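Heads up: the structure comes next, in structure tokens.
Because the structure is a prediction, the values reported are computed rather than measured. Atoms considered below: every heavy atom in the structure, side chains included; atoms not considered: hydrogens, waters and symmetry mates.
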There are 2 protein chains.
Amino acid sequence: MTENHLLSNNLYQDWLIASGTMTTAKYFADLAAERPDIALCRASASVSRAADAHAGVTGLGVGQHLVLKMLAAVGPCSQQALSEELRIDRSVMVGVCDDLENHDLVRRERNPRDRRSYAVTITDTGRQRLAEAEQTIPGFLDQVFHVLSAQERDQLTTLLGKVLTNRRIAG
Amino acid sequence: MTENHLLSNNLYQDWLIASGTMTTAKYFADLAAERPDIALCRASASVSRAADAHAGVTGLGVGQHLVLKMLAAVGPCSQQALSEELRIDRSVMVGVCDDLENHDLVRRERNPRDRRSYAVTITDTGRQRLAEAEQTIPGFLDQVFHVLSAQERDQLTTLLGKVLTNRRIAG
DNA sequence: AGAAAACAATCTGGAAACAGACGATTGACC
DNA sequence: GGTCAATCGTCTGTTTCCAGATTGTTTTCT
């Protein structure tokens, strides 16, 4: 007991030193340098929160924006195609399309050649809403990536593109 | 009605074309190039899944591993310090430390100088378990980032470090 | 000393993501 | 033609994450 008590005191002394700003303040930077996977996830969490906040302002969720954008770019799609291409889970895509349809931004019609699937089509209102939202994107990206130069942003895009095509971790 | 029917047929023709591999297959790549924020989040999701799968093998969760690692590096810490430094929410940290304590990998003792906080201390078993887990990290990183050269990994680390220190999106 | 603010850990409730099962429909195979 | 596997959209249960309230403790201010 006595030994434990002394030991505890020593530990607490060490702990007080360790919890000072000197030792731990830079720990995360070191960790990020050693573990790029962790750095990637933490950066994503920050960016994701910023994107959600921005989406709250425009009134279009991130997923909804992406769906409208893809529909405008490639024409009517099945929910399956939207899911796979945008990396949004099928069951989540149901709710995304529900919301869009409730606001008359997309239309859902059964494909007569394969009545299992829908053809999801963007409406005129949807195009207009998308155009408005698109205008806010450059400002948002500047806010999120203003710490990077244009060249560095291209570098990041290239590197992320390579990681995304990694078949050994593709989901 | 007839007009609608014809219109629908046209839409479905477009849709059939659009769902062919040609038009949509590269859509996500284009999107990722245009929206680095989305690319970052999607890459993080892939990496995170891979990390969880790897954690399932070692038997140590990602958060648990990080906590042990930090405790080994800087000595006993409060849960608050662990939370802030590792960017893990306080309420989540409770469960992480609970699990670690139940497996005798850490010890929780009240700090006698401030009984609000714990001193979380790594045990010998914890050090051993950490050492085992650390050995598997290089292989894991190779699996996740094998598409990147060593130079590119350094680039990515640097860029992510800058994004992480962006005070305008820090959470 | 006593009141009030700040803080550490915990608990609780709601929102989002994901896996798995399901009904309806289609295509493949014999 | 009939059976079986595969596919599309949907639903359900689980898990995780986070915001906010709560309790016990400390510090600060008067």
Take Ser46(B) and Arg42(B) through the test side-chain contact (heavy atoms from CB on, under 4.5 Å) and record every step on the way to the result. CA-CA 6 Å; Ser46(B) 289; Arg42(B) 295 296 185 266; over 6 Å; no
Should the pair Asp142(B)-Arg153(B) be classified as a salt bridge under the 4.0 Å nitrogen-to-oxygen rule?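 The answer is yes: the pair qualifies as a salt bridge.
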Answer yes or no: is there an ion pair linking Glu101(A) with Arg107(A), defined by an N-O contact shorter than 4.0 Å?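 The answer is no: the pair does not qualify as a salt bridge.
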Donor-acceptor under 3.5 Å (Asn166(A) side chain, Val144(B) main chain):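 Answer holds: yes.
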If you walk 5' to 3' along DNA chain D, what is the first nucleotide with an atom under 4.0 Å of a heavy atom in chain A, and what is the last?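 Contact span on the strand: dA6(D) to dC18(D).
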Got a sec: does the CG of Asp124(A) have more than 12 other heavy atoms crowding it under 6.0 Å?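 It does not: Asp124(A) CG has 12 such atoms or fewer within range.
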Sequence neighbours left out, cut at 3.5 Å: what donor-acceptor pairs do the side chains of residues 66-73 of chain B make with other protein atoms?
{"from": "Lys69(B)", "atom 1": "NZ", "to": "Glu34(A)", "atom 2": "OE2", "distance (Å)": "2.9"}
{"from": "Lys69(B)", "atom 1": "NZ", "to": "Glu134(B)", "atom 2": "OE1", "distance (Å)": "3.3"}

hydrophobic_cluster_shared for Leu148(A) and Leu40(B), side chain cutoff 4.5 Å: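 Yes: a chain of side-chain contacts under 4.5 Å links Leu40(B) to Leu148(A).
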Protein-nucleotide distance (Gln80(B), atom CD; dT10(C), atom C1'), rounded to Å: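 Distance check: Gln80(B) CD to dT10(C) C1' gives 12 Å.
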I'd like to know whether Leu31(B) forms a side-chain contact (heavy atoms from CB on, under 4.5 Å) with Leu86(A), so could you lay out the CA-CA distance, the side-chain angles of the two residues, the decisive distance to 0.1 Å, and finally the verdict. CA-CA 9 Å; Leu31(B) 175 65; Leu86(A) 298 176; 3.9 Å; yes
Summary of protein contacts for nucleotides 14-27 of chain C, nucleotide by nucleotide, where a base hit scores B, a sugar-phosphate-only hit scores S (4.0 Å, heavy atoms): ---SSB-----BS-
